[in-house]
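The chain is numbered in sequence order, starting from 1.
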Amino acid sequence: SNGGGASSGYINVTSGRLRIETDSVGNNIYRQVDISGATTATLSFQYDNQLNGEDEINVAVSNNGGSSYTVIKSYSGSLNTGVGSESIDISSYISSNTRIRFYVVKNDQAGPVFIDNVQITFNVTPTGGTTAFSAATGSSSITVTAVNDAPVNSMPGSYNINEDSV
C-alpha cells in the first residue's frame, strides 16, 4: 500500500519477508487461489510480530473472491507477539476463489509484522476406484497370416563342411 512497488510502501517485501506496517487502517494485501477440488486445506505461515500498543493486523479468509471475509487470526501489541508459526484449517473456505488477506485493523505506533513462507496445503479425492485395478474391460485382436515359403540360401555358392574338421 501507499505505492512504491514490492520494496517500499507500508506493505512491502524486505529481506525476502512480507513486511506489513500498521500506518493506515484498511491497508491490506491478499492472494487468491483455486482449491475447488480439495477436500481439506490448511494455511500455514511464519510470523515475527513487532507490533506496539494498539496496533492490530488480522488474517482473514474468503470463499467468495473477497465479497466477505472471516477473521481467522489476529496480531497486536499484546496478541501473538514475537516469533512463531501458524497452521490454520481453512477447509470450510474451499472454493474456486479462496482468498487469504492480511489487513490493518488499528494503527497506534506503526509497528510491523513480518510474514514468511505462506502456504496452502490441500488434499484432493483421487479419481478412480478403491484399488489399483479397473473394473473396465477392453479387447483387441491380431491376425497372423501363415506363409510357407521354402528357405533360400543367399550366400554365394554351396558349401560342404565335415563336422569333425571344424
Side-chain angles (χ1 to χ4, degrees), residues 1-140:
S1 294
N2 204 23
S7 62
S8 64
Y10 297 121
I11 298 177
N12 61 63
V13 177
T14 303
S15 300
R17 300 186 301 172
L18 180 65
R19 177 187 171 110
I20 305 171
E21 284 282 342
T22 58
D23 184 76
S24 182
V25 171
N27 282 352
N28 70 89
I29 187 167
Y30 70 86
R31 191 59 137 181
Q32 184 168 304
V33 295
D34 179 354
I35 52 175
S36 56
T39 55
T40 62
T42 303
L43 169 68
S44 61
F45 57 90
Q46 295 169 328
Y47 66 88
D48 180 359
N49 180 358
Q50 298 177 14
L51 296 176
N52 301 301
E54 297 297 314
D55 293 339
E56 186 176 342
I57 293 173
N58 285 343
V59 181
V61 63
S62 169
N63 64 354
N64 55 20
S67 294
S68 62
Y69 285 93
T70 301
V71 174
I72 55 176
K73 201 68 176 183
S74 294
Y75 299 88
S76 69
S78 59
L79 271 175
N80 302 307
T81 59
V83 176
S85 61
E86 298 289 359
S87 181
I88 304 166
D89 182 4
I90 59 168
S91 299
S92 300
Y93 305 96
I94 291 172
S95 73
S96 62
N97 54 359
T98 301
R99 273 192 192 186
I100 305 300
R101 178 176 75 168
F102 294 88
Y103 181 84
V104 177
V105 179
K106 293 180 186 174
N107 67 320
D108 180 29
Q109 299 178 22
V113 168
F114 293 92
I115 305 293
D116 202 5
N117 299 319
V118 178
Q119 294 182 339
I120 296 177
T121 54
F122 58 93
N123 294 312
V124 295
T125 301
T127 57
T130 56
T131 71
F133 303 100
S134 173
T137 59
S139 64
S140 64

Worksheet item: Is the shortest heavy-atom distance from the side chain of L51 to the side chain of I57 under 4.5 Å?
Response: yes
Item to complete: Applying salt bridge (charged side-chain N to carboxylate O under 4.0 Å, His left out), name anything that partners D48, two or more places apart in sequence or on another chain.
Response: R17
Worksheet item: Who passes salt bridge (charged side-chain N to carboxylate O under 4.0 Å, His left out) against R101, sequence neighbours left out?
Response: none
Discussion item. Around atom CZ of F114, are there more than 12 heavy atoms from other residues, nucleotides or ligands closer than 6.0 Å?
Written reply: yes
Practice prompt. Quick one: which residue pairs count as a ring-ring contact (aromatic ring centres under 6.0 Å, His included) with a foot in residues 55-98, not counting sequence neighbours?
Written response: Y47-Y75
When the side chains of residues 76-85 are checked against the rest of the protein, which donor-acceptor pairs come out under 3.5 Å, sequence neighbours left out?
{"from": "S76", "atom 1": "OG", "to": "S78", "atom 2": "N", "distance (Å)": "3.2"}
{"from": "S76", "atom 1": "OG", "to": "L79", "atom 2": "N", "distance (Å)": "3.0"}
{"from": "N80", "atom 1": "ND2", "to": "S74", "atom 2": "O", "distance (Å)": "2.6"}

Worksheet item: What pairs with T42 under side chain to side chain donor-acceptor pair (under 3.5 Å), at least two apart in sequence or on another chain?
Response: none
Discussion item. Can you confirm whether E54 is buried at CD, in the sense that more than 12 heavy atoms of other residues, nucleotides or ligands lie under 6.0 Å from that atom?
Written reply: no
Worksheet, complete the sentence: Looking only at heavy atoms, the pair that brings V71 and N58 closest together is CG2-ND2, 3.7 Å
Practice prompt. Please lay out, stage by stage, how D23 and Y10 fare under the test side-chain hydrogen bond (donor to acceptor under 3.5 Å, both in side chains).
Written response: CA-CA 7 Å; D23 184 76; Y10 297 121; 3.1 Å; yes
Fill in: Sequence-distant partners of T39, side chain to side chain donor-acceptor pair (under 3.5 Å), two or more places apart
none
Worksheet item: Which atom names give the shortest non-hydrogen contact between S67 and S62, and what distance separates them?
Response: N-OG, 4.1 Å
